Trainee: 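Just passing along the structure, written as structure tokens.
Heavy-atom basis, side chains included; hydrogens, waters and symmetry copies ignored. Everything numeric in this text was worked out from a predicted model, so none of it was measured. Proteins come first, then strands; the chains are lettered A, B, ... in the order of their sequence lines, and each starts at number 1.
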Amino acid sequence: MRDRLDNMKELSKAYNPQEHEDTVYQQWESSGFFNPDTCIDKGVTQPDAPYFSLVLPPPNVTGTLHLGHASMLAVEDIMVRYHRMRGYRTLWIPGTDHAALATQEKVERLLWHDEKKTRHDLGRDAFLKRVEQFAQNSHDTIVNQCKKMGASLDWSREAYTLDNKRHEAVYTAFKKMFSDGIIYRGARIVNWDPRFQTTVSDDELERKEERASFYYLKYGPFEIGTARPETKFGDKYIVMHPDDERYADYTHGQVIENIEWINGVISAMVIKDEVVDMNFGTGVMTITPWHDATDFDIAQRHNLDKEQVIDYDGKLLPIAGEFSGMNISDARDKIVAKLRSKGLVARVDENYVHNIAVNSRGEGVIEPQIKEQWFVDVNKEFERNGTKTTLKTLMQNAVRSGDVSVIPSRFEKIYFHWIDNLRDWCISRQIWFGHRVPVWYRNGEVYCDVHPPENDGWVQDPDTLDTWFSSGLWTFSTLGWPSDTPDLQTYHPTSVLETGYDILFFWVARMILMSMYLLDEIPFRATYLHGLVRDEQGRKMSKSLGNVINPLDMNALYGTDAVRLSLVIGSTPGSDLRLGEEKIASFRNFTNKLWNIGRYVMHAVDSETFSQKISVDEIGSVTDDLSDADRWILHKLSRTVSDVSLHIDAFRFSQAGEVLRDFTWNTFADWYVEVHKIEKNDYVLTFVFQTLLRLWHPFMPFVTETLWQSLLGTEHMLMTEQYPNAKKFHSSFGSFETFSFENTVALVSAIRNIRSTYRIAPSELLTVTIATNPNTVIHNDIICRLGRIASVERIGLNDSAPENSASFLSGDLKMHVHLSGVVDFDAERSRLDKEIASVEKYISGLSSRLSGPFAQKAPAHVVAKERESLSDAQSRLSQLVSEHDSLPV
RNA sequence: GGACGAUUGGCUCAGUUGGUUAGAGCAUCUCGUUUACACCGAGAGGGUCGCUGGUUCGAGUCCAGCAUCGUCCACCA
């Protein structure tokens with residue numbers, strides 16, 4: 001008790017988050033309650049309770065967390081804390097992603113910057129040690145940042161996409177897919193990044209608009225168009241649409257001789273293919289199958305030769321003759337010059353705009369190449385539960401069946417469209433950092449297994465796997481798969497996957513693929529896609545723009561709770577969020593408001609009362625002692641509890657927060673706390689406040705935990721308290737009548753309005769006369785205190801109004817504020833005029849509606865409601881008019 | 001070239017299945033230090049919901065078209 005009182009006195013006037021946050025997090029963490037097993041052991045959670053599980057989308061170990069991560073942590077922590085408080089077996093698994101290419105590239109850059117060395121200077125093993133060191137540092141930073149955000153992650157289950165356990169999962173998955181023929185090795189056209197010297201997947205491409213010269217070249221009897229003359233050396237097929245009448249004389253397979261071309265005379269074969277667009281250019285084209293996906297497809301269809309023109313460093317091969325060995329960008333002008341000198345350039349369009357493919361990471365221009373690589377076959381048929389299916393079908397079914405719901409649902413269409421256009425997934429990379437392909441070779445033999453072959457002489461495939469191959473296993477590899485662990489049995493499928501819509505394809509789709517294929521089970525029941533966090537002008541936050549907001553800086557300045565609220569409230573799933581510092585500041589103000597409500601409670605209420613947990617039942621048992629204000633606040637509280645729960649259950653976190661903020665500030669603080677200063681119902685005040693702390697805890701865990709322990713003592717922990725139960729609140733308080741106190745709120749507001757209109761200082765105490773039925777309850781004390789009224793006089797409804805007063809009408813009561821000496825009749829008249837005009841407008845609109853077809857066609861209850869509104873408005877109008885007329889001229 | 005999204009007071013956004021006179025936060029203006037809070041309190045002003053049609057008794061909400069902005073997808077050589 002002494003401790004608590006001291007604690008209370010120590011509560012600073014303004015909330016200072018930095019004093020509390022680290023201590024509170026340590027307390028949570030050391031309590032062990034982030035781990036659902038501990039919750040069960042200590043009786044906080046029932047062993048047979050339903051589960052709620054989710055995985056943290058593992059941040060890349062490339063650096064530090066940004067506001068997007070902060071927003072993800074906030075939303076997920078809300079769901080996790082909410083379910084934990086509701087008694088679910090709640091598990092939230094942390095982890096990090098090795099992000100193969102991104103991390104390797106970053107370390108390579110640092111290595112060059114600091115030591116002017118490349119990875120080849122160090123060699124594979126030494127370089128990988130560097131990367132691991134870097135990854136470890138990044139990891140430590142990320143873990144620290146997650147904790148700073150208040151994330152209640154079960155650190156005892158932390159995972160890493162490249163650790164031993166996940167390595168086993170990756171190799172197991174690969175082996176199964178390999179033996180089922182889903183994974184194959186083949187020479188296919190791939191996206192080659194000459195700068196990073198690796199392939200990248202289709203999804204990692206970005207299209208960039210480029211203005212280029214477009215050349216029309218003479219090619220025998222034809223004219224062909226190209227923006228890339230440097231690739232044309234090996235072109236020996238001329239392709240046209242079979243229906244193109246301009247070229248009807250040419251037949252498929254016909255060979256055209258004596259074509260003068262860049263390096264001499266060649267012959268070309270005519271190919272008819274429907275892929276050619278007759279309306280583009282001249283309607284004929286030559287093809288370069290080795291360096292273009294479309295051309296590759298044509299060549300495949302007609303079984304044509306394919307020749308490599310550009311090497312993997314981006315230089316021309318001997319086929320280019322005199323240009324051999326030149327970089328393609330240097331060669332282009334020279335090649336065009338030669339074509340010109342030979343008279344082969346018909347014309348040039350200098351303003352041709354087209355899209356070039358670049359690596360979304362690093363922005364290096366992609367050069368398509370044919371290369372022997374590992375692929376996941378998305379169209380291969382295999383048996384599943386007695387029927388033939390494909391990976392594409394599995395992915396489609398998971399969502400189409402509704403087993404996996406997508407929030408917001410419009411992303412479903414995008415998801416299906418992506419699957420429809422999906423090509424085989426190239427999963428091998430020529431980088432060093434990552435899971436090495438689990439395949440060994442010896443004298444033409446191929447060996448694939450989870451463990452290396454035992455006898456010597458085998459050489460492992462040097463390539464590593466696409467980082468998303470390991471991320472795709474994340475929902476179950478983190479739970480122990482391929483072992484059949486209790487965690488896997490208990491927590492899979494996970495309940496929700498919360499992540500950014502920008503990795504819908506990269507990650508969400510791949511997780512569905514992997515889980516459906518390997519486990520025959522969905523990875524998660526719902527996927528909630530959040531938007532990107534942008535700056536106030538809607539720009540992406542980037543270092544080069546200098547508009548990056550570091551979440552930890554904001555935490556330090558405004559408190560983590562304020563940062564969390566600013567990321568959650570005003571944000572809708574799938575839509576980007578614009579965030580400025582003022583928004584965070586406004587939630588800092590709110591945090592402080594809650595803090596000060598707490599200070600008031602501890603200041604005004606006896607510690608015996610505020611240091612006990614007050615239950616719904618306890619309040620329910622003293623119903624007879626409740627005042628009108630008590631009933632009003634309890635009723636509103638029960639509505640709030642139910643709204644907040646409904647919103648959270650439906651993933652409407654923003655609305656849940658808004659409802660809570662509105663209740664806390666505009667209802668509880670502005671009205672009930674003020675009334676408490678008069679009525680002093682400590683139990684209800686404390687009960688409502690404690691309920692608010694419970695309700696707010698998932699959103700703003702630090703300040704609520706701090707306040708809770710200030711009230712109840714540090715041996716209590718809010719995090720594991722029960723969340724307010726909507727049904728219970730409703731059955732206890734839902735039927736409470738609120739009209740009486742609403743009336744008082746209206747009267748006080750009217751007095752304040754009149755004061756403001758007449759510019760009467762708050763220090764000046766006034767008198768009011770209220771005309772009403774004798775049995776109407778008027779809360780004199782409250783009106784006097786909140787309206788700064790000296791005395792309330794009551795008269796009958798038909799008694800005449802006092803002179804020199806301003807009037808307010810509400811239902812069947814009239815209030816006259818005495819304004820002796822200050823009343824300005826012209827001002828009062830115009831005030832009434834204004835209101836009369838507004839009511840008249842309303843009446844005319846409403847009565848014309850009611851006299852029209854509305855009355856016949858609209859549902860009866862809607863009509864009845866409108867009729868009631870009309871009669872209310874009419875009586876109000878007549879009263880206003882009589883007030884107006886009674887004013888002295 | 002397709003698809004999707006956005007367009008609501010100065011700014012940032014809510015608005016669930018169409019149903020009172022469209023809400024909030026910030027900003028603005030006026031007043032104010034009443035011992036929880038100036039990171040505050042009280043009051044006020046401010047929107048014909050992008051445009052044009054349609055459906056309906058009734059449209060910010062549904063439909064069609066258009067405009068502007070944005071995002072994603074796409075094999076126009």
Trainee: Please state whether the rings of A/Tyr600 and A/His603 are parallel, tilted or perpendicular, taking 30° and 60° as the class boundaries.
Mentor: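 A/Tyr600 and A/His603: tilted rings.
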Trainee: Regarding A/Ala604, tell me which of base, sugar-phosphate or nothing describes its non-hydrogen contacts under 4.0 Å with the strands shown.
Mentor: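 Contact class for A/Ala604: none.
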Trainee: Testing the 3.5 Å rule here: is there a donor-acceptor pair between the side chains of A/Glu835 and A/Ser838?
Mentor: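 Note: A/Glu835 and A/Ser838 side chains miss the donor-acceptor criterion.
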Trainee: Please report the distance, rounded to the nearest Å, between CD in A/Glu204 and P in B/C72.
Mentor: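 One finds 15 Å between P of B/C72 and CD of A/Glu204, rounded.
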Trainee: Base, sugar-phosphate or nothing for A/Arg849? Non-hydrogen atoms, less than 4.0 Å.
Mentor: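 Answer is base: heavy atoms of A/Arg849 come under 4.0 Å of a base.
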Trainee: Which part of the nucleic acid, if any, lies within reach of A/Arg661 when heavy atoms closer than 4.0 Å are counted: base, sugar-phosphate only, or nothing?
Mentor: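 Contact class for A/Arg661: sugar-phosphate only.
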Trainee: Under the criteria of a ring-centre distance below 5.5 Å and an interplanar angle below 30°, is A/Phe280 stacked with the base of B/C76?
Mentor: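 Check failed, A/Phe280 does not stack on base of B/C76.
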Trainee: Between the side chains of A/Ser201 and A/Asn191, does any donor sit under 3.5 Å from an acceptor?
Mentor: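 Not at all, the side chains of A/Ser201 and A/Asn191 share no donor-acceptor pair under 3.5 Å.
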Trainee: Between the protein and nucleotides 37-44 of chain B, list every N/O to N/O distance that falls short of 3.5 Å.
Mentor:
residue, atom, partner, partner atom, Å
B/C37, O4', A/Asn596, OD1, 2.9
B/C37, O4', A/Asn596, ND2, 3.4
B/C37, O2', A/Asn592, ND2, 3.2
B/C37, O2, A/Lys593, NZ, 3.0
B/C37, N3, A/Lys593, NZ, 2.9
B/C39, O4', A/Asn589, OD1, 2.9
B/C39, O2', A/Asn592, ND2, 2.9
B/C39, O2, A/Arg588, NE, 3.1
B/C40, OP1, A/Asn589, ND2, 3.4
B/C40, O3', A/Lys593, NZ, 3.3
B/G41, OP1, A/Lys593, NZ, 2.9
B/G41, OP1, A/Trp665, NE1, 2.5
B/G43, O2', A/Ser756, OG, 2.9
B/A44, OP1, A/Asn753, ND2, 3.0

Trainee: What is the distance, to the nearest angstrom, from the NE2 atom on A/His676 to the C1' atom on B/U35?
Mentor: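 It is 15 Å, rounded to the nearest whole Å.
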Trainee: When you measure from the side chain of A/His291 to the backbone N and O of A/Thr231, does any donor-acceptor pair fall under 3.5 Å?
Mentor: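 Between the backbone of A/Thr231 and the side chain of A/His291 there is no qualifying donor-acceptor contact (under 3.5 Å).
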Trainee: Rounded to whole angstrom units, what separation is found between the CG atom of A/Asp297 and the C1' atom of B/A74?
Mentor: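 About 14 Å, once rounded to whole Å.
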Trainee: From CH2 of A/Trp418 over to P of B/A74, roughly how many Å is that when rounded to an integer?
Mentor: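 The distance from CH2 of A/Trp418 to P of B/A74 comes to 10 Å, rounded to the nearest Å.
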Trainee: Could you check whether A/Val239 gets within reach of a base, just the sugar-phosphate, or nothing at all, counting any heavy atom under 4.0 Å?
Mentor: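 Nothing, no heavy atom under 4.0 Å.
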Trainee: Would you say that A/Leu579 contacts A/Asp535 through its side chain, given a criterion of any heavy-atom pair below 4.5 Å between the two side chains?
Mentor: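 No, their side chains stay 4.5 Å or more apart.
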Trainee: Taking the C1' atom in each of B/U20 and B/G15, what is the distance between them to the nearest angstrom?
Mentor: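 About 16 Å, rounded to a whole number of Å.
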Trainee: Within 45 degrees of the axis of the six-membered ring of A/Trp671 and under 6.0 Å from its centre: does A/Arg752 put its NZ or CZ there?
Mentor: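 Yes - A/Arg752 lies over the ring of A/Trp671, closer than 6.0 Å to its centre and within 45° of its axis.
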Trainee: With no hydrogens and no angle check, do the side chains of A/Asn753 and A/Thr757 hold a donor and an acceptor under 3.5 Å apart?
Mentor: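 Result is yes, a qualifying pair exists.
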Trainee: Could you work out the separation of B/G65 and B/U17 based on their C1' atoms and round it to a whole Å?
Mentor: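 It comes out at 26 Å once rounded to the nearest Å.
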Trainee: Pick base, sugar-phosphate or nothing for A/Val276, based on heavy-atom distances below 4.0 Å to the nucleic acid.
Mentor: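 It contacts base atoms.
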Trainee: Nearest to the side chain of A/Ala669 - B/A36, B/C76, B/C72?
Mentor: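 The nucleotide sitting nearest to the side chain is B/A36.
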Trainee: Using atom C1' of each nucleotide, how far apart are B/U30 and B/C69 to the nearest Å?
Mentor: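 After rounding to an integer number of Å, I get 38 Å for this pair.
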Trainee: Roughly how far apart, to the nearest Å, are B/U8 and B/A14 at atom C1'?
Mentor: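 Rounded to whole Å, the distance is 10 Å.
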Trainee: Between N or O atoms, less than 3.5 Å apart, protein on one side and nucleotides 1-8 of chain B on the other: list the pairs.
Mentor:
residue, atom, partner, partner atom, Å
B/A3, O3', A/Lys413, NZ, 3.3
B/C4, OP1, A/Lys413, NZ, 2.8

Trainee: For A/Asp576 and A/Thr226, take the nucleotide of RNA chain B holding the closest heavy atom to each; which residue's nucleotide lies nearer the 5' end?
Mentor: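 It is A/Asp576 whose nearest nucleotide is closer to the 5' end.
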Trainee: What does A/Gly570 touch in the nucleic acid at a heavy-atom separation under 4.0 angstrom: a base, only the sugar-phosphate, or nothing?
Mentor: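 Sugar-phosphate only.
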Trainee: Can you check whether A/Ser12's main-chain N or O pairs, donor with acceptor, with A/Trp595's side chain at less than 3.5 Å?
Mentor: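 Such a contact is found between A/Trp595 side chain and A/Ser12 backbone.
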Trainee: The side chain of A/Asn666 lies closest to which of these nucleotides: B/C73, B/C57, B/G25?
Mentor: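 Closest nucleotide among those given: B/G25.
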Trainee: Report yes if at least one side-chain N or O of A/Arg207 is closer than 4.0 Å to OP1 or OP2 of B/C75; otherwise report no.
Mentor: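 For B/C75, OP1 or OP2 has a side-chain N or O of A/Arg207 closer than 4.0 Å.
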Trainee: What interatomic distance, in whole Å, is found between C1' of B/G47 and the corresponding atom of B/U12?
Mentor: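 After rounding to an integer number of Å, I get 15 Å for this pair.
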Trainee: Taking the side chain of A/Asp277 as heavy atoms from C-beta outward, which of B/C76, B/C57, B/U16 is closest to it?
Mentor: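 Comparing B/C76, B/C57, B/U16 against the side chain of A/Asp277, the answer is B/C76.
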Trainee: Kindly indicate, with the supporting measurements, whether the criterion side-chain contact (heavy atoms from CB on, under 4.5 Å) is fulfilled by A/Val568 and A/Phe587.
Mentor: CA-CA 11 Å; A/Val568 168; A/Phe587 285 107; over 6 Å; no
Trainee: Pick the C1' atom in B/C39 and in B/C26, then give their distance to the nearest Å.
Mentor: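 The same atom, C1', in both gives a distance of 14 Å.
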Trainee: Taking the six-membered ring where the residue is Trp, are the ring centres of A/His302 and A/Tyr237 under 6.0 Å apart?
Mentor: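 They do not qualify: ring centres at least 6.0 Å apart.
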Trainee: Tell me: CG of A/Asp292 to P of B/A74, nearest whole Å?
Mentor: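 The answer, rounded to whole Å, is 14 Å.
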Trainee: Under 3.5 Å for both pairing distances: what stems, at least three Watson-Crick or G-U pairs long, include RNA chain B?
Mentor: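 Looking at RNA chain B, the stems formed by three or more consecutive pairs are B:1-7 with B:67-73, B:10-13 with B:23-26, B:28-32 with B:40-44, B:50-54 with B:62-66.
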Trainee: Is the shortest side-chain N/O distance from A/Thr572 to OP1 or OP2 of B/A14 below 4.0 Å?
Mentor: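 Result: yes.
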Trainee: Do A/Met285 and A/Ile287 touch side chain to side chain, with heavy atoms closer than 4.5 Å?
Mentor: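 A side-chain contact exists here, since the closest heavy-atom pair is under 4.5 Å.
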Trainee: Is the closest side-chain donor-acceptor distance between A/Tyr672 and A/Asn681 under 3.5 Å?
Mentor: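 Checked: A/Tyr672/A/Asn681 side chains show no N/O donor-acceptor pair below 3.5 Å.
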Trainee: Say we look at B/U56 and B/C63: how far apart would their C1' atoms be, to the nearest angstrom?
Mentor: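 12 Å, rounded to whole Å.
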Trainee: Could you give the CD-to-P distance, from A/Glu206 to B/U71, as a whole number of Å?
Mentor: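 Rounded to whole Å, this separation is 11 Å.
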Trainee: If you measure from the C1' atom in B/U68 to the same atom in B/A74, how many Å do you get, rounded?
Mentor: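 Between the two C1' atoms, the distance is 24 Å.
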Trainee: Using atom CG of A/Leu205 as one end and atom P of B/C72 as the other, report the distance to the nearest whole Å.
Mentor: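 After rounding, the gap between these two atoms is 13 Å.
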Trainee: Give one of base, sugar-phosphate or nothing for A/Ala858, where a contact means two heavy atoms less than 4.0 Å apart.
Mentor: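 Base contact.
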Trainee: In terms of the nearest nucleotide of RNA chain B, which residue is placed more toward the 5' end: A/Asp662 or A/Arg578?
Mentor: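 In this pair, the answer is A/Arg578.
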Trainee: Could you check whether any side-chain heavy atom of A/Val839 comes within less than 4.5 Å of a side-chain heavy atom of A/Ile843, counting everything from C-beta outward?
Mentor: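 Yes, at least one pair of side-chain atoms sits under 4.5 Å.
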Trainee: Answer yes if the ring centres of A/Phe653 and A/Tyr528 are under 6.0 angstrom apart, and no otherwise.
Mentor: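 Ring centres of A/Tyr528 and A/Phe653 closer than 6.0 Å.
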Trainee: Using atom CD of A/Gln856 as one end and atom P of B/C57 as the other, report the distance to the nearest whole Å.
Mentor: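 Whole-Å distance recorded here is 11 Å.
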Trainee: What I want to check is whether the side chains of A/Asp203 and A/Trp425 have a donor and an acceptor closer together than 3.5 Å.
Mentor: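 A/Trp425 and A/Asp203 do not have a side-chain donor-acceptor pair below 3.5 Å.
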Trainee: Do any side-chain nitrogens or oxygens of A/Gln655 fall under 4.0 Å of OP1 or OP2 in B/U16?
Mentor: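 Looking at the OP1 and OP2 atoms of B/U16, neither is under 4.0 Å from any side-chain N or O of A/Gln655.
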